[in-house]
*Asks:* 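So that we are looking at the same thing, I have put the structure below in structure tokens.
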Amino acid sequence: MARDDGDNPFEVATGTNCDYILKYFIHFQYLDIGEDLNVPDDFTQSEMQSGMWWRHLAAGGFAGAVSRTCTAPLDRLKVFLQVQASKQRISDCLQYMLKEGGVRSLWRGNFINVLKIAPESAIKFAAYEQVKRLIRGSDKRQLTIYERFVAGACAGGVSQTAIYPLEVLKTRLALRKTGQYSSILDAATKIYRREGLRSFYRGYIPNMLGIIPYAGIDLAVYETLKKKYLSHHETEQPSFWLLLACGSASSTLGQVCSYPLALVRTRLQAQAVTIGPQADGSVAIQPNMTNVFKRILQTEGPLGLYRGITPNFIKVLPAVSISYVVYEYSSRALGVNMT
């Protein structure tokens with residue numbers, strides 16, 4: 001069925017063009033919903049040769065920016081809960097944020113979160129393509145799910161290493177008090193002067209370890225659900241709601257398994273440590289992943305490793321939905337032919 005400019009994305013997703021839907025099956029998994037550990041986009045040979053790949057990336061980046069901005073209050077609430085050593089209710093944290101900085105404070109840290117989409121996507125895509133070439137060698141075969149996982153994990157590691165200082169800045173800006181920093185540059189300068197260059201890679205190890213369970217489970221679950229559906233409904237097309245359910249389920253399961261590492265990463269990022277002799281004569285000790293894990297288990301119990309996961313769950317459905325719709329319209333605006 002040919003589409004015109006007036007088509008609604010929900011109608012398109014439930015129409016009669018199976019090729020169109022299957023192409024969405026390929027790209028839907030990789031839509032940016034604010035989680036940085038997902039596997040990069042996997043483009044077809046024709047998309048690579050025609051130059052359509054960069055349009056998909058641009059559309060996905062724009063969709064990610066809109067999605068992140070719309071769900072930024074939930075993201076900041078999650079970060080706030082993650083760094084609390086004592087039990088705090090969501091309503092208490094929300095009231096504190098509103099009282100301390102007003103409604104606008106709910107979007108603190110969002111600008112840099114959106115700003116890092118472009119370099120992260122570009123680096124991740126370039127690294128993913130390079131690793132895939134190395135795995136394939138001279139063959140032009142399709143990679144297995146395990147090979148794609150390895151390529152995706154490697155690409156995620158490279159991109160996260162490159163943009164990780166922005167991750168630390170995002171966390172600090174999300175947690176800042178009114179008037180603490182005047183700009184991103186001011187925040188970076190003050191952190192560097194007080195804590196040194198190493199502070200911009202605080203939490204790096206748990207972040208890297210988190211790539212493995214998140215990307216692996218997200219990819220495996222999505223592929224399993226997709227193949228299961230297609231094997232039982234060879235002639236029936238997947239609907240928008242099925243795509244949404246597959247994407248949400250795979251993302252949620254990936255987050256559940258990697259969340260403790262993400263929480264430890266955030267706590268390490270949030271800790272301001274002045275290196276060297278202190279005013280009381282003691283010497284500051286850099287906190288590490290093991291120490292933070294032990295402290296959480298001792299003081300908060302196993303459930304402490306999942307502090308803040310509720311707003312993260314709440315965020316998944318609207319984030320995926322917004323990404324899907326914005327991706328559809330921005331793809332069309334960029335001239336991407338999905339039929």
*Asks:* Using side-chain heavy atoms (C-beta onward) and a distance below 4.5 Å, is Q160 in contact with E120?
*Replies:* yes

*Asks:* Does atom CZ of F293 have more than 12 heavy-atom neighbours, drawn from other residues, nucleotides or ligands, at distances under 6.0 Å?
*Replies:* yes

*Asks:* Atom CG of L169 and atom CG of N113: how far apart are they, to the nearest 0.5 Å?
*Replies:* 12.0 Å

*Asks:* Report yes or no: does R55 contribute a side-chain atom to a donor-acceptor pair with the main-chain N or O of L334 at less than 3.5 Å?
*Replies:* yes

*Asks:* CZ of F313: more than 12 outside heavy atoms within 6.0 angstrom?
*Replies:* yes

*Asks:* Looking at residues at least two apart in the chain, or sitting in another chain, which of them share a side chain to side chain contact (heavy atoms under 4.5 Å, CB included) with Y204?
*Replies:* T161, Y164, Y201, M208

*Asks:* Mark yes or no for whether K116, through its side chain, and S121, through its backbone, hold a donor-acceptor pair below 3.5 Å.
*Replies:* no

*Asks:* With rounding to the nearest 0.5 Å, note down the distance linking CG in L209 to OG in S258.
*Replies:* 11.0 Å

*Asks:* Test your reading of the model: is there a side-chain donor-acceptor pair from R202 to the backbone of R265, 3.5 Å cut-off?
*Replies:* no

*Asks:* Backbone N or O of R295 within a donor-acceptor pair of the Q298 side chain at under 3.5 Å?
*Replies:* no

*Asks:* Considering residues, nucleotides and ligands other than F62, do more than 12 of their heavy atoms fall under 6.0 Å from its CZ?
*Replies:* no

*Asks:* Can a salt bridge be assigned to the pair E100 and R108 using a cut-off of 4.0 Å between side-chain N and carboxylate O?
*Replies:* yes

*Asks:* Rounded to the nearest 0.5 Å, how far apart are CZ of R194 and OG1 of T189?
*Replies:* 11.0 Å

*Asks:* If every non-hydrogen atom of A63 is compared with every non-hydrogen atom of S323, which pair is closest and at what distance?
*Replies:* CB-O, 3.5 Å

*Asks:* Using atom types as modelled and distance alone, determine if a side-chain donor or acceptor of S183 lies under 3.5 Å from a backbone N or O of D186.
*Replies:* yes

*Asks:* Would you give the length of the straight line joining atom CD1 of I163 to atom NZ of K170, rounded to the nearest 0.5 angstrom?
*Replies:* 9.0 Å

*Asks:* Quick check against the 3.5 Å criterion: does Y128 have a side-chain atom that pairs as donor or acceptor with the backbone of G156?
*Replies:* no

*Asks:* Would you call D75-K315 a salt bridge at under 4.0 Å N-O?
*Replies:* yes

*Asks:* Donor-acceptor pair, distance only, cut-off 3.5 Å: does the side chain of R172 make one with the backbone of Q271?
*Replies:* yes

*Asks:* Where the side chain of E195 meets the backbone of Y192, is there a donor-acceptor pair that is under 3.5 Å apart?
*Replies:* no

*Asks:* Decide whether E167 and N207 meet the rule of one side-chain donor and one side-chain acceptor closer than 3.5 Å.
*Replies:* no

*Asks:* I need the N288 CG to L268 CG distance, nearest 0.5 Å.
*Replies:* 7.5 Å

*Asks:* Is the side chain of R267 donor-acceptor paired with the backbone N or O of Q82 at a distance under 3.5 Å, no angle test?
*Replies:* yes

*Asks:* Strictly distance-based, threshold 3.5 Å: is any side-chain N or O of Y259 a donor or acceptor partner for the main-chain N or O of I309?
*Replies:* yes

*Asks:* Quick one: hydrophobic cluster around F80, which other residues, with the 4.5 Å side-chain cut-off, linked directly or via members?
*Replies:* L77, V79, L81, V83, I90, L94, Y96, M97, L98, V103, L106, W107, L175

